[in-house]
2 protein chains.
Amino acid sequence: MKSGSPARGTSRGASAADSKLKASNGGDTNGAAATPLRFGPLADYVGYALRRAQMSSVTGFLDAMKEVDLRPTQFAVLTLINENPGVRQNDICAALGLQKANFVPLLNELQRRGLAVRKEGVADRRSSALHLTPAGMTLLRRALELHTEWERRILARLGTRGRDQLLVLLNKLL
Amino acid sequence: MKSGSPARGTSRGASAADSKLKASNGGDTNGAAATPLRFGPLADYVGYALRRAQMSSVTGFLDAMKEVDLRPTQFAVLTLINENPGVRQNDICAALGLQKANFVPLLNELQRRGLAVRKEGVADRRSSALHLTPAGMTLLRRALELHTEWERRILARLGTRGRDQLLVLLNKLL
DNA sequence: TGTCACGGTTATATACTATAACCATCTACT
DNA sequence: AGTAGATGGTTATAGTATATAACCGTGACA
């Protein structure tokens, strides 16, 4: 439906770049269908593993959240607005690493759906104070339930300890 | 220059969704600039951590590889072709989770740069057998050097053990 | 021989990200 | 007070990545 799951290499326990640059495969890999490919060093690259994990994560998220129809960024924005009522757009952008220009249509959509609103900034009339509408709060509450359910499935794969380790390791990459 | 690094939450050691849905911030967060935001449960979400780590990884990759001017996908494709000379386009697509339609311009670009070529399939005249050109091999060799250097920097942050743990954990998410 | 599956291509739509220019407002300094 | 520069938000635009459907030539097989 969403994405053909990428096959992954044999991921030996080896440490770093070992099979430097030799083809090391018999003749031309041709003829039979469904050829299993040699991944070479690719199988042990952190960047590549991250990429696949993130793709899988996004499709899992979209699948889990299809009832509320929220994309990852939208969900994050709603969460941040809820946690920081009256927050300015720029702060949300800085927090999530978004471009302020790209935030405009994103928030427009949330506003169109009646989930969030821009109110006039009181101290600074340039800035808009962001708030969730009651509908937005209700939807976010449901989204949090769905998200918790999804993370429970992740936890089943990683274990609580594995998940905490993963978070620590990922944060070291920033 | 590349991307404003997204600030990250306080990431308490707590386990799962705890601070459910209460604003819990004094009044409106307005007035002072550079407001540090409450991230709420977002700080502990695997998907969110993955997203940021992957963004950071991509910019790091592009920075490390700018001498050879290869994007992550291009690098992966060159590696796979090198490891499996004569491979078919569809197999590369399946291996990397790409859409075959999107692979066409990607390979066109590699061919335009003289790094890879489509040769006629011998057994099946529909399929094209992909090969690296000598120039492609030379560039890939240099790219592997640069990539190894980059992964060395990653290793400095994670430690060998941490890196191996990370790979195992990420693979559990697929 | 005719039907169907498959490899590759084209065309197209959507989403995400990035940059530059612009307006209104605020701040700071003279 | 008044001006210069910084800031919040918007618009316009471009490039990249991803997804779908339709199509053509070829191969497999009844």
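Heavy atoms only: backbone and side chains are in, while hydrogens, waters and symmetry mates are out. A, B, ... follow the sequence lines: proteins, then strands. Residue 1 opens every chain.
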Separation of [N] [atom2] from [X] [atom1] (nearest whole Å):
X	N	atom1	atom2	value
B:Leu70	D:dA17	CG	P	12 Å
B:Leu106	C:dT10	CG	P	14 Å
A:Gln89	D:dT11	CD	P	10 Å
B:Lys100	D:dC24	NZ	C1'	11 Å
A:Ile92	D:dT10	CD1	P	13 Å
B:Gln111	C:dG8	CD	P	13 Å
B:Asn102	D:dG15	CG	P	18 Å
B:Phe103	C:dA11	CZ	C1'	19 Å

Taking the side chain of [X] as heavy atoms from C-beta outward, which of [options] is closest to it?
X	options	result
B:Met55	D:dT16, D:dG9, C:dT17	C:dT17
A:Val104	C:dT17, D:dT11, D:dT18	D:dT11
B:Asp124	D:dT18, D:dT26, D:dG9	D:dT26

Phosphate contact ([N] OP1 or OP2) by [X] side-chain N/O below 4.0 Å:
X	N	answer
B:Arg125	D:dG25	no
B:Arg118	C:dT9	yes
A:Gln99	C:dT17	no
A:Asn90	D:dG8	yes
A:Arg126	D:dT7	no
B:Arg88	D:dG27	no

### Task
Evaluate the criterion salt bridge (Lys or Arg N to Asp or Glu O under 4.0 Å) for residue pair B:Asp69 and B:Lys66; output intermediate values, then yes/no.
CA-CA 5 Å; B:Asp69 190 29; B:Lys66 63 180 183 303; over 6 Å; no

Do the side chains of [X] and [Y] get close enough for a salt bridge, i.e. N-O under 4.0 angstrom?
X	Y	answer
A:Arg125	A:Glu120	no
B:Asp91	B:Arg88	yes
B:Glu149	B:Arg152	no

## Note on the structure
Result for 5'-nearest mapping on DNA chain C, choosing between A:Pro72 and A:Ala101, is A:Pro72

### Query
Any chance CZ of A:Arg153 has more than 12 other-residue heavy atoms, nucleotides or ligands included, within less than 6.0 Å?
yes

